[in-house]
S.K.: 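The structure under discussion is supplied below as structure tokens; questions concerning it will follow.
A, B, ... follow the sequence lines: proteins, then strands. Residue 1 opens every chain. Please read all numbers here as calculations on a predicted model, not as lab measurements.
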Amino acid sequence: MDQSVEEKWQKRWAESHVFEPDMDSARKKFMITVPWPYTNGPLHVGHGRTYTLADIIARYKRMTGYNVLFPMAFHQSGTPILAFSERIRLNDEKTIRQYRENLSEYEEPENIDAIIESFKKPENIAAYFSERIVKDFTSLGYSMDWTRRFTSADPFYQDFVVWQFNRLHDKGLIKSGRYPVLYSIDDQNAVGEDDISDGDIDKVTIEEYTAVIFKGTEYSLVAASLRPETIFGITNLWISPSGDYVLVEMDGEKFAVSREASEKLALQHDDVTVIGSIRNSQILSQEFTAPISGRKLKVYQAEFVDPDNGTGVVYSVPGHAVWDFVAMKEYSLDVDPVTIIDVPSDPGITVQSLVSQAGISGVSDSDLIKEATQKLYKEEFYSGKLNGYNGKYSGMTVQQARDSIRDDLFAQKLGFIFYETSRHATTRAGSKVVVSVMKDQWFIDYSVPWWKKLSHELVGRMFYYPEFYRNAMNDAIDWLRERPCARRRGIGTRLPFNREWVIESLSDSTIYPAVYTNSTQLREIFRLLGRIPEEIMDFIYGSGDRSSLSGFDVAVQDLAREARRSLEYWYGVDIRLTAHPHLSNHLSFYVMNHAALFPENLQPRGLIISGLVISNGAKISKSKGNAISLLRISHRYSADLYRLFVAVNADIASTLDWNEDEIQAVRKKYETFLALVSNRQHDAGFISTQIESWFESRFNQHLEEYFQGMEKFDLRGAIISIFYEVMNDIRYVEQRGGNTGYAISRILDRWIQALAPVIPHTCEELWESMGREGFVSTTIMEKDNPGPVDQEILSAEKYLQKVIQDIRDIIKATSIDPATIEISVCGSEMRKLALMLGENRVSEATPRLKPFIGDYMKNKRNIDTSVSGEAAILRESLTYLEKTFQCQVNITENSPVPGKKIAWPGRPVITLKPSS
RNA sequence: GCGGAGGUUGCCGAGCCAGGUUAAAGGCGACAGACUCAAGAUCUGUUUUCGUAGGGAUUCGCCGGUUCGAAUCCGGCCCUCCGCACCA
């Protein structure tokens, strides 16, 4: 459909408020939600898929009698919006270029600069993109209720989050403790992914090293390792020839580490003092003792040692570390690699074999070495065992030994935890990013057993599509431990028990769908009181006990009571639909927080988890430039085409590939549909034949399949049945010489209704053009009564097609070009015999018919007594048969002659007579 | 390694839970024909293989088993993808 037509209907829907439901205790409710979008930029086709699927379901449920609530709000919490805004203030070219490009889809070129200028205030970014998203969603025809819209930055919503956290705290689920974070040295502040240069493309994570202490006579050396289990394989130590080393004092001990490492240590441990610098030659002249093994070690210099990684001191395990092995060879050092780990499943995996396989010639092949290191690391970690050289650790798996050796090192004060970033990183402003340990980080403690138990019970009660995600959810819940739930900065709600902290953006968005049910009332209460007191929140979302309202105005009390009623009516989200990457974070928090805070009747009922969208086989990402924005979709393809594509081109659970070829294929079908329906015509006096009745029965069958599919959320199957298959049938009617206009007109109302959830604009337009009153979107379909199916007509048509196929097969096998086709159908006498034999009443056959029993047995497989009146069926379609084969067709009744071909029910004798 | 999903005819992708009606839906592509001055669109047919009669043979990752009968059930193996965590 034309874009202007789509806009017309979007406008009419909005003006008539048809998607803004009220409570109605007489009707069953259905609440469906999709996680709210983050408002720092435009959404792309990938986001659109989940919202579109949800809208199709919402529309379908609405049209099968439910009171449907499909609300939407916006997420603004966290640092990204702040970070983007700050980058614009700093005139970061990349960011500005990206926004310029985003905006060029929406705005006139002359306005763009002013808008970007306004983005220097973060709230303007959020406000701008919220509006854009509303428009994008509207332009795709979503039947959302926007009247309940709010954002995670709205003060009344933050009062709700405060209530939530106080309740979690009451239940003992909030804790505080030490925790490592990414930290900017210059800014003296924690940083998030969005503050880090290229943080979105190349993610920075925190890695937990084991710092191992090598005792010396005057001071010790500290090397940080990810693989403490290799301690028995240590042959020597490395330092950097170009690094500056310093002596630090920590816990009463003196360590030599790189200057960079001393800064990091100071951020991670209390009471770290730098005593002074120390010359490399001084270190090289000393010997140090390896812990546990007690081995004496020399120190060498190696170029690959980075003073700004770990402690700037590396212990060398040439038997199991590619770097060490390559360096040892290159410097021709007099050390013997020791093999201390065996990989029984793949004994070929050794440092030596990997180095030769990869063709590594020296330490300069750093990429090859990194690759080989990863491979070795993974193999040894998952399948490795410590061999007999490992003292009391011999025989342990690598995973066991790692923990065990680490614990022993810590216990003997020969080691401690050292955090390091997974790569070198700076903030967008250029300040170095390191790991710092926060002393009073707040957590939500998802490990509490009673909580896990409640959550598993909830998972057990919920509906899952696809079902296998139920297990995945249980696993995710088991995996969850303490989660930091607050940050020092970012948009969001202040932690009520320590207002220096801001609640982290996933943690403030777990039970928010509850607010959809009554945001209108909350907003009003907030307006009247300037805040929403705890007692009121507790009444609405918690106890429902009216006595807690007694201190408030009647107006406030009324609002609170309505809010509570609304929650009780709507809540329990029936379906929450999102893509699978959310499972192990948002969705598991969603489930667990509801399990902790709400009674059973207000808990989630079901989850639908969709696959991702890829574009031409590749993952969609902004940096790849293949992120197609949603607005461009409705402009370029039309909303209905996009919706149809999303519904039909992949099952909800599968990955959907967005590519032009497939879209064009769907477009062709869609246009064929439009042409069929718009150009249909038939005379009032037209008398129908069998084929139109056949079509109607087929349609009713497809409609039933459609309802069955939709009810179990197999949207793809349902739409294929009601769209593709019905169109194939229309084509068949045409081919059979039937009157398609008449056939379509018999089913058109119901057809348009069934398609309306998927292509609503098109259907409204057609509905109106048919002279129907009101919106097709608000009509109710009788899903329990799809219409009669005449099996006799269906099997008659099937029989005809079988005969045609047989004739084709014979033509193909014989290469005869027939001038006449004789079809000799089974007579009543033989039919009786077949029925008799079919019931094993052989003895009743008359002597005259007995000779045919052998032939019956031979052809048994192909005999079908379910069709009666074969001759009549064929005669009625004689013209069609003659047209199909371009020759004369004669229908006769077979009189059986022993030794000749015999016609049986469902299997006439076919004879081709060539022309010459 | 653990957990999950999956391997189907040129490609995509159903079927598998409830075994036979399955050479295996549908779409795409390819080929042939109709239409057209032509191309495109549309329609028809073909698209594992053999076959001068509607039939036969072989096929659903591999190997075995259950069964009158298996793409579908059971056991083993191989391979691919996703998750294994605090990140929105």
S.K.: Take A/F645 and A/W658, measure what ring-ring contact (aromatic ring centres under 6.0 Å, His included) needs, and give me the verdict at the end.
M.R.: CA-CA 9 Å; A/F645 179 83; A/W658 178 260; 5.1 Å; yes
S.K.: Applying the Watson-Crick and G-U wobble criteria at under 3.5 Å, what pairs with B/C16? Answer none if nothing qualifies.
M.R.: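 Across any shown strand, B/C16 pairs with none.
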S.K.: Please give the distance between the P atoms of B/G10 and B/A5 as a whole number of Å.
M.R.: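 Between the two P atoms, the distance is 27 Å.
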S.K.: Classify A/D657 by what it touches in the nucleic acid, base, sugar-phosphate, or nothing, heavy-atom distance under 4.0 Å.
M.R.: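 Nothing, no nucleic acid heavy atom in range.
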S.K.: Which one, B/G26, B/C28, B/C86, comes nearest to the side chain of A/A665?
M.R.: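 Among the listed nucleotides, the one closest to the side chain of A/A665 is B/C28.
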S.K.: Considering every strand shown, what is the Watson-Crick or G-U wobble mate of B/G10 when both distances are under 3.5 Å?
M.R.: B/C28
S.K.: Expressed in whole Å, how much space separates the C1' atoms belonging to B/A34 and B/A53?
M.R.: 27 Å
S.K.: Need one value for A/I811: base, sugar-phosphate or nothing, where a base atom within 4.0 Å counts as base even if backbone is also close, heavy atoms only.
M.R.: nothing
S.K.: So, A/T95 versus A/Q98: side-chain donor-acceptor pair below 3.5 Å or not?
M.R.: no
S.K.: Taking A/R643 for its side chain and A/V758 for its backbone only, find out whether a donor-acceptor pair lies under 3.5 Å.
M.R.: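 Here the side-chain-to-backbone pair exists.
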S.K.: Working to the nearest 0.5 Å, report the span between NZ of A/K798 and CD of A/Q791.
M.R.: 8.5 Å
S.K.: Taking atom types as modelled, find out whether A/E870 and A/Y799 have a side-chain donor-acceptor pair closer than 3.5 angstrom.
M.R.: yes
S.K.: Let me have a per-nucleotide readout for nucleotides 41-57 of chain B, 5' to 3', with B, S or -, counting only protein heavy atoms under 4.0 Å.
M.R.: SSSSSSS---BSBBSS-
S.K.: Can you identify which nucleotide, out of B/A14, B/G3, B/A88, has its nearest atom closest to the A/R716 side chain?
M.R.: B/A14
S.K.: Is the number of heavy atoms from other residues, nucleotides or ligands within 6.0 Å of CD (A/E482) greater than 12?
M.R.: yes
S.K.: Is it possible for you to check whether A/R576 lies under 6.0 Å from the centre of the six-membered ring of A/Y590, through NZ or CZ, and within 45° of that ring's axis?
M.R.: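 Positive - A/R576 is close enough to the ring of A/Y590 and near enough to its axis.
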S.K.: Please figure out whether A/S584 or A/T655 has its closest RNA chain B nucleotide nearer the 5' end.
M.R.: A/T655
S.K.: What is the separation between atom CG on A/L587 and atom P on B/G83, rounded to the nearest whole Å?
M.R.: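 The distance from CG of A/L587 to P of B/G83 comes to 16 Å, rounded to the nearest Å.
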S.K.: Who is the Watson-Crick or G-U wobble partner of B/G83, with both distances under 3.5 Å?
M.R.: B/C2
S.K.: Determine the Euclidean distance between corresponding P atoms of B/G29 and B/A41; express it in Å to zero decimal places.
M.R.: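 Straight-line distance between the two P atoms is 8 Å.
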S.K.: What's the CG-P distance between A/D651 and B/G6, to the nearest Å?
M.R.: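 About 11 Å, once rounded to whole Å.
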S.K.: Quote, to the nearest angstrom, the P distance that separates B/C16 from B/G7.
M.R.: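 It comes out at 13 Å once rounded to the nearest Å.
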S.K.: From CG of A/N471 over to P of B/G83, roughly how many Å is that when rounded to an integer?
M.R.: 18 Å
S.K.: Would you kindly give the CG-to-P distance between A/N649 and B/C11, to the nearest whole Å?
M.R.: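 Distance check: A/N649 CG to B/C11 P gives 18 Å.
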S.K.: Going by distance alone, is a donor N or O of one side chain under 3.5 Å from an acceptor N or O of the other, for A/S447 and A/R481?
M.R.: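 Side chains of A/S447 and A/R481: no pair found under 3.5 Å.
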S.K.: Write down the distance between CG (A/L612) and C1' (B/A5), rounded to a whole number of angstrom.
M.R.: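 These atoms are roughly 14 Å apart.
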S.K.: Can you tell me how far C1' in B/C82 sits from the matching atom in B/C11, rounded to whole Å?
M.R.: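 Going atom to atom, C1' in each nucleotide, I get 23 Å.
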S.K.: Charged N to carboxylate O below 4.0 Å: is that the case for A/E504 and A/R483?
M.R.: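 Yes, A/E504 and A/R483 are salt-bridged.
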S.K.: If you measure from the P atom in B/A70 to the same atom in B/G20, how many Å do you get, rounded?
M.R.: 11 Å
S.K.: OP1 or OP2 of B/A88 versus the side-chain N and O atoms of A/R487: is any pair under 4.0 Å?
M.R.: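 Checking A/R487 against B/A88: at least one side-chain N or O falls below 4.0 Å of OP1 or OP2.
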S.K.: RNA chain B: A/D475 or A/E725, which has the more 5' nearest nucleotide?
M.R.: A/D475
S.K.: Rounding to the closest angstrom, what is the interatomic distance between B/G75 and B/U80 at atom P?
M.R.: 23 Å
S.K.: In whole angstrom, give the distance that lies between atom OH of A/Y469 and atom P of B/G83.
M.R.: 11 Å
S.K.: Tell me the partner of B/U42, counting only Watson-Crick (N1-N3 plus N6-O4 or O6-N4) or G-U wobble (N1-O2 and O6-N3) with both under 3.5 Å; none if nothing fits.
M.R.: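 Check on B/U42: paired to B/A34, both distances under 3.5 Å.
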S.K.: How long is the line joining CG of A/L583 and P of B/C84, in whole Å?
M.R.: 11 Å
S.K.: With both distances kept under 3.5 Å, what pairs with B/U21, Watson-Crick or G-U wobble?
M.R.: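 By the stated definition (distances under 3.5 Å), nothing pairs with B/U21.
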S.K.: In whole Å, what separates the C1' atom of B/G54 from that of B/G6?
M.R.: 39 Å
S.K.: Within this structure, what is the CZ-to-C1' distance between A/F468 and B/C81, rounded to whole angstrom?
M.R.: 12 Å
S.K.: Counting only Watson-Crick pairs (N1-N3 plus N6-O4 or O6-N4) and G-U wobbles (N1-O2, O6-N3), all under 3.5 Å, who is the partner of B/C77?
M.R.: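 Matched B/C77 with B/G61 under the 3.5 Å cut-off.
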